[in-house]
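Lettering of chains follows the sequences in order, A, B, ..., and the numbering in each one begins at 1. Atoms considered below: every heavy atom in the structure, side chains included; atoms not considered: hydrogens, waters and symmetry mates.
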Protein chains: 2
Amino acid sequence: MSPRRVTLADVAKAAGVSPTTASLVLSGRGREMRISEEVEQRVLKAADESQYRPNAVSVGLRTGTTRTIGFVSDTVATSRLAGDMIKGALEAARDRGVMLFIGETEGDPELERRLLQAMHDRQVDGIVLASMYTRTIKVPKEITASPAVLLNALSRQPAALPSILPDEVEAGRAAARVLLEAGHRDGIHLIGAGPRARDLPPGGAAAVERLAGIREVLKEAGVKIAGAPLSADWQPEYGLEATRAILEAGRPRALICFNDRIAFGAYQALGEYGLRVPEDVSVVAFDDHPLASWMRPKLTTVALPHYELGRKAVDVLFTEIRHHRAGAARETGVHRVPMPLRERESVAPPGP
Amino acid sequence: MSPRRVTLADVAKAAGVSPTTASLVLSGRGREMRISEEVEQRVLKAADESQYRPNAVSVGLRTGTTRTIGFVSDTVATSRLAGDMIKGALEAARDRGVMLFIGETEGDPELERRLLQAMHDRQVDGIVLASMYTRTIKVPKEITASPAVLLNALSRQPAALPSILPDEVEAGRAAARVLLEAGHRDGIHLIGAGPRARDLPPGGAAAVERLAGIREVLKEAGVKIAGAPLSADWQPEYGLEATRAILEAGRPRALICFNDRIAFGAYQALGEYGLRVPEDVSVVAFDDHPLASWMRPKLTTVALPHYELGRKAVDVLFTEIRHHRAGAARETGVHRVPMPLRERESVAPPGP
DNA sequence: TTAGGTTGCTAAATCGTATTAGCGGTGCGA
DNA sequence: TCGCACCGCTAATACGATTTAGCAACCTAA
């Protein structure tokens, strides 16, 4: 059926040299090993004509490096965002001629263990362990079998692995600033967390940090948070109800929604009450879900840089791999990736 | 740093037998090769105690099969849907103890070629070539190096590879039926394609088939399509404008939107005109984007079964691989995956 | 007594490459 | 004339498994 692949031995035979010579020439060590110009040309020609490409499995066995990395995450499908993260990782890997294994753990530690093993069995050069929403995780010990980095996650154990995270605190600051700069000082409500630093929904580190950034900037400006409904899950449904509650109680001038889905629900509630965005109420959110630019008016939001996170993770992983090969110790720093503000149409100066 | 992996030779030594014997026992051929019960136990014990796991790279080199398949698509990040497809593929692969390489071509044939080569260099057992929206593609000749299937795509060349596709015609029928069953007979407008069979947006096979299904059922019922604006891209913006155009011209009773994003735009236009869904206007769409259940009222839509498509692709790929190993010829059938109707809140009997 | 069969294991080859060690020939200096 | 360095290449080994061929010991039957 499929014709047998051409091997190094085939090339060597065609060029009339030994496999050793062919290997030397093709790995660029020809000069160094004093192979003559003429023989070198013969080998190159033979390789080219037969379309020789080295068998990566064999190379992997011989050298121990497979030009392959693993990307294991808790879930790949939850959101479009996961896709962007993978896309970033994929492109960074491609730039280096490296392939990506992917695996999904669904939060099951046993599955995670088996996946990491399966990847190590295949001799991956390194592993990106990703979480789809920012949180602290227990790093499985299997991971130590190769260089690794944490993406969107922090290790519970201290000094375990390098982490790549979005800069959520700065994002919080940006969200607060965009309102301040529009002239808002009163009637600013939070939906998703707050108003106090300890008012947080369960799970997820994003809330803490976004809230910290928001509080810091507002405090510096001497602005008080008007209020925040009890925080629950971050779904549109909650946004809808929380906003209704706020509207029952009074007249907000600005909403900081802890993600776009909440803002989506908030829009619906504001619509019900006949209030217009941004003339009556300004809205800022986080994530930059595709939804954000479909909403009308388009939502101003602080974007999660999924693509860049994915790229950065692979970049850091490769410096880890280099260090590892050089026998250096493991790094353990935290790398923060900026969250860019997407200014659209949902923020305006407060009305009279 | 990382302790050396334990190899078969280590196990053999620990058990006091030859590597041959150890291999035989561990591959379950011990009985067949008349290895004594006692030796067998010794080997098993040694393997277990040392936590031996075979090096998959070595096995790959020796046997030619790597328990690895490639998933290459034009894009992984475009939508949440891509993620679901990968998730389905991933789980089907996991069920078989197989790992997944992923790659993204961005529609670039050169990149596609290189990706397929990179995968074949790594001796993948087979390849899923996926498109994120249904269409006919030119199958690159590199793909013939291993078993392969097409996912969400049809080959331009005849009889090339098996294809896995959503059953779009039946989906069209389902959308039409849900309106008929609610009692609609007049004022049914299409947005995204039609009304005539040749009124299609550029690119994409889904439009043709959905339209065919819709037309078939409506025709059988003796119902005429009231109209359809010129079809353009399938974005919310177009849905908004197309619906406005319809509303300018008269009073629709039902809308069949060719995807959910169009329906999202349609909702906005209906809102502008003070019309209520579903009391004044019923809306059906296709895809079941997450958006569909966030909209109010929740959108009735015919779902693209991405997860199942992914699973099915891997299933079919594995029967291909089996056939290939048995020396059988390539299959070339088209496998249709049903598109389930998600009945929600956007369809009601026509008002007076 | 010996050919032949069975039992229970192992030696050796193999997959395709990288790499170390070495080989035959030439030129040169002492 | 011998020893040595250098040149240009190749033989042999290793990576970690699978698999084929075969071996020693014992038993059986003619």
Side-chain angles (χ1 to χ4, degrees), chain A residues 2-44 46-47 50-68 120-123 125 325, chain B residues 3-44 46-47 50-68 120-123 125 145 325:
Chain A
S2 28
R4 200 178 56 83
R5 265 181 85 97
V6 7
T7 71
L8 184 63
D10 298 330
V11 172
K13 192 181 294 176
V17 300
S18 72
T20 306
T21 304
S23 172
L24 255 17
V25 168
L26 294 175
S27 61
R29 297 182 53 205
R31 272 289 84 91
E32 173 192 345
M33 296 302 269
R34 305 164 313 213
I35 303 296
S36 70
E37 180 74 21
E38 189 230 324
V39 167
E40 179 156 316
Q41 288 308 319
R42 278 217 312 276
V43 171
L44 256 18
S50 60
Q51 304 216 58
Y52 169 72
R53 288 199 329 274
N55 178 327
V57 175
S58 171
V59 174
L61 180 58
R62 180 61 234 248
T63 66
T65 73
T66 52
R67 305 200 71 72
T68 290
H120 286 138
D121 290 351
R122 285 165 178 80
Q123 303 250 75
D125 297 334
R325 285 188 187 145
Chain B
R4 201 177 56 81
R5 267 182 83 98
V6 7
T7 71
L8 184 63
D10 298 329
V11 173
K13 192 181 297 177
V17 301
S18 73
T20 305
T21 304
S23 172
L24 255 18
V25 169
L26 294 175
S27 61
R29 297 182 52 205
R31 273 289 85 93
E32 172 192 346
M33 295 302 268
R34 305 166 311 212
I35 303 296
S36 70
E37 179 74 21
E38 189 229 326
V39 166
E40 181 156 315
Q41 288 309 319
R42 280 217 313 276
V43 171
L44 257 18
S50 60
Q51 304 216 56
Y52 169 72
R53 291 202 323 279
N55 178 325
V57 176
S58 173
V59 175
L61 180 58
R62 179 62 234 249
T63 65
T65 72
T66 52
R67 306 200 70 73
T68 291
H120 286 139
D121 290 350
R122 285 166 177 79
Q123 302 249 76
D125 297 335
R325 287 190 184 142

Report task. Look at all strands and tell whether Leu8(A) reaches a base, only sugar-phosphate, or nothing, counting heavy atoms closer than 4.0 Å. Result -> sugar-phosphate
Query raised in the report: Counting side-chain heavy atoms from CB outward, which of dA18(C), dA12(C), dC9(D) is closest to Val59(A)?
Result: dA18(C)
Query raised in the report: Within this structure, what is the CD-to-C1' distance between Glu32(A) and dT19(C), rounded to whole angstrom?
Result: 11 Å
Report summary line: Rounded to whole Å, the CZ-P distance (Arg34(B) to dC26(D)) equals 17 Å
Query - Nearest-angstrom distance from the residue atom CD of Gln41(B) to P of dC9(C) - result: 13 Å
Report summary line: Of the candidates dC9(C), dG16(D), dC9(D), the side chain of Ser58(B) sits closest to dG16(D)
Report task. Whole angstrom is fine here: how far is it from CZ in Arg42(B) over to C1' in dG8(C)? Result -> 12 Å
Report summary line: Among the nucleotides dC9(D), dT19(C), dC9(C), whichever has the atom closest to the side chain of Arg29(A) is dT19(C)
Report summary line: Taking for Leu61(B) and for Ser18(B) the nucleotide of DNA chain C with the nearest heavy atom, the one nearer the 5' end belongs to Ser18(B)
Requested in this report: Please work out if Val17(A) contacts a base, only the sugar-phosphate, or nothing of the nucleic acid, heavy-atom cut-off 4.0 Å.
Outcome: sugar-phosphate
Report summary line: Between the CD atom in Glu40(B) and the CZ atom in Arg34(B), the distance rounded to the nearest 0.5 Å is 14.0 Å
**Report entry** Salt-bridge present (Asp121(B), Arg5(A); N to O < 4.0 Å)
**Finding:** yes
Query raised in the report: Counting any heavy atom closer than 4.0 Å, what does Val57(B) reach on the DNA or RNA strands: base, sugar-phosphate only, or nothing?
Result: nothing
Query raised in the report: Between Ser23(B) (side chain) and Pro19(B) (backbone), is there a donor-acceptor pair under 3.5 Å?
Result: no
Query raised in the report: Do Thr20(B) and dA11(C) have a side chain to base donor-acceptor pair shorter than 3.5 Å?
Result: yes
Report task. Classify the nucleic acid contact of Thr21(A) as base, sugar-phosphate or nothing, counting any heavy atom under 4.0 Å across all strands shown. Result -> base
**Report entry** Under 3.5 Å donor-acceptor, Arg122(A) side chain and Thr66(A) backbone
**Finding:** no
Query raised in the report: Does a side-chain heavy-atom distance below 4.5 Å link Asp125(A) with Arg325(A)?
Result: yes
Query raised in the report: What is the distance from CD1 of Ile35(B) to C1' of dT19(D), rounded to the nearest Å?
Result: 13 Å
Query raised in the report: According to a strict under-4.0 Å criterion, is Thr7(A) in side-chain N/O contact with OP1 or OP2 of dG16(C)?
Result: no
Query raised in the report: Which whole-number value in Å describes the distance from Glu38(B) CD to dC9(C) P?
Result: 8 Å
Requested in this report: Take atom CG of Leu24(A) and atom P of dG8(D), then tell me their distance rounded to the nearest Å.
Outcome: 13 Å
Query raised in the report: Between Glu37(B) and Arg42(B), is the closest basic N to carboxylate O distance under 4.0 Å?
Result: no
Report task. Tell me what Thr63(A) touches on the nucleic acid: a base, only sugar-phosphate, or nothing, going by heavy atoms under 4.0 Å. Result -> sugar-phosphate
Query raised in the report: In whole angstroms, how far is the C1' atom of dT14(C) from the CZ atom of Arg62(A)?
Result: 16 Å
Report task. Look at the side-chain N and O atoms of Tyr52(B) and state whether any lies under 4.0 Å from the OP1 or OP2 oxygen of dA17(D). Result -> yes
Query raised in the report: Looking across every strand, which nucleic acid part, if any, lies under 4.0 Å from Ser36(A) by heavy atom: base, sugar-phosphate, or nothing?
Result: sugar-phosphate
